[in-house]
Amino acid sequence: MDIKNKLKLIIAIDILAVGILSLLLNEWRLCLIPLFAIFMIWFLATGENKTKKIYKLTVLASIGFIEGCLVVFDVVHNSIDIHIPIMGFLCILIGLGVLYFSKYVPKHPIEDEFMEHIAEKSGHFAFVSATCLMITICVFLLILSLSSKTTYGVEVREYTIEIMLLIVFNFAMFRNYLFKKYLS
Amino acid sequence: MKNKIKVYRAMYDLTQEDLAKKLGVSRQTIISIEKGKYDPSLKLAFKIAKFFNVKIEDIFIYEDK
């Protein structure tokens, strides 16, 4: 699959995610957010290899965006109390990732330039997706509070843990992905 | 960037682990450089060239895309 088709697929997944969320929350204006995000990515990606940069940013932003949708859903349906299942699921995913990618991660790592390079790059990737995650949560909650004129009570401790787990999960996922990419 | 580390390593009869230990880097660094997926820093590139007693351009070949 070439980059343009991959881009279309990712955007379709984003629109599907936000479509489901807007249906569940009965707020169609949420559907406009991915379009805004796509415009921002197109605006930010400049210079050489524009298509590649757009693709990279879109993948990272999409990960943050879908995770943001999940957190927004959690905030709105707080009464169901789905923190624990989400956190448990994330912990299991992190554990599975560690097991699956353990062959790529050195047992006795020497801190050298390659390891630093991997850490820097995965940190950058995690930062981009975390930024998109936070923006998604803020914008969605703003739209929802403006339309329904209600504010959502947020339990800071639970959501901080949840968002931190998501960021750690992203960092671990990008780190493992980069190890696999460079070493296989 | 292409490189001939594998060739020089074979000439000196060294494993990736041996070369990594001699250069003070991780084995993963050698693997990724050999595969051409990671471009080493200038310092490490000089270190590799010095270790094999050759010029840096004998090992690393720059290719303009």
Side-chain angles (χ1 to χ4, degrees), chain A residues 1-4 6-7 45-57 59-60 94 96-128 170-184, chain B:
Chain A
M1 200 187 283
D2 67 346
I3 286 183
K4 281 186 180 173
K6 278 182 189 170
L7 270 172
T46 52
E48 285 177 33
N49 295 326
K50 200 174 172 179
T51 320
K52 263 191 173 178
K53 279 182 191 170
I54 288 175
Y55 173 64
K56 198 171 91 179
L57 279 171
V59 172
L60 297 175
I94 294 170
L96 286 176
V98 169
L99 283 176
Y100 180 73
F101 289 100
S102 57
K103 60 184 170 183
Y104 296 109
V105 182
K107 281 171 190 156
H108 308 290
I110 298 170
E111 280 309 312
D112 64 354
E113 61 176 60
F114 175 67
M115 295 299 172
E116 273 180 23
H117 175 74
I118 295 277
E120 275 172 20
K121 218 168 173 179
S122 43
H124 169 69
F125 286 180
F127 172 74
V128 175
N170 286 350
F171 181 77
M173 181 175 68
F174 295 135
R175 191 175 187 272
N176 292 335
Y177 162 74
L178 287 170
F179 262 118
K180 193 175 176 186
K181 188 183 157 197
Y182 280 105
L183 301 179
S184 61
Chain B
M1 190 151 58
K2 277 188 177 177
N3 67 75
K4 293 181 188 168
I5 293 184
K6 204 171 180 176
V7 177
Y8 279 94
R9 198 165 53 77
M11 278 162 59
Y12 280 71
D13 197 22
L14 290 168
T15 63
Q16 287 173 334
E17 187 75 52
D18 295 336
L19 181 61
K21 273 183 188 166
K22 302 241 182 221
L23 295 170
V25 294
S26 63
R27 183 169 162 255
Q28 284 71 24
T29 307
I30 303 298
I31 299 169
S32 56
I33 296 171
E34 272 191 13
K35 285 180 183 287
K37 290 183 179 173
Y38 173 68
D39 294 332
S41 67
L42 202 53
K43 193 181 168 186
L44 181 57
F46 271 109
K47 224 173 166 181
I48 294 167
K50 196 179 173 190
F51 177 78
F52 288 121
N53 282 320
V54 288
K55 287 181 193 166
I56 202 164
E57 57 267 33
D58 292 333
I59 297 188
F60 295 98
I61 304 120
Y62 176 70
E63 285 180 321
D64 200 5
K65 281 182 184 173

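To find a chain, count down the sequence lines: A is the first, B the second, and so on, and within it residues start at 1.
Atom CZ of B/F51 has more than 12 heavy atoms from other residues, nucleotides or ligands within 6.0 Å. Around the CZ atom of A/F127, the shell of radius 6.0 Å holds no more than 12 heavy atoms that belong to other residues, nucleotides or ligands. Counting non-hydrogen atoms of other residues, nucleotides and ligands closer than 6.0 Å to OH of B/Y12 gives a total above 12.
Side-chain contact between A/E113 and B/V25: absent, with no pair of heavy atoms (C-beta onward) separated by less than 4.5 Å. Side-chain contact between B/Q28 and A/M115: present, with at least one pair of heavy atoms (C-beta onward) separated by less than 4.5 Å.
Below 4.5 Å, heavy atoms of chain A meet heavy atoms from B/T29, B/I31, B/S32, B/K35, all part of residues 29-36 of chain B.
A donor-acceptor pair under 3.5 Å is formed between the side chain of B/K37 and the backbone N or O of A/K181.
Under the 30°/60° scheme for interplanar angles, the aromatic rings of B/Y38 and A/H117 are found to be tilted.
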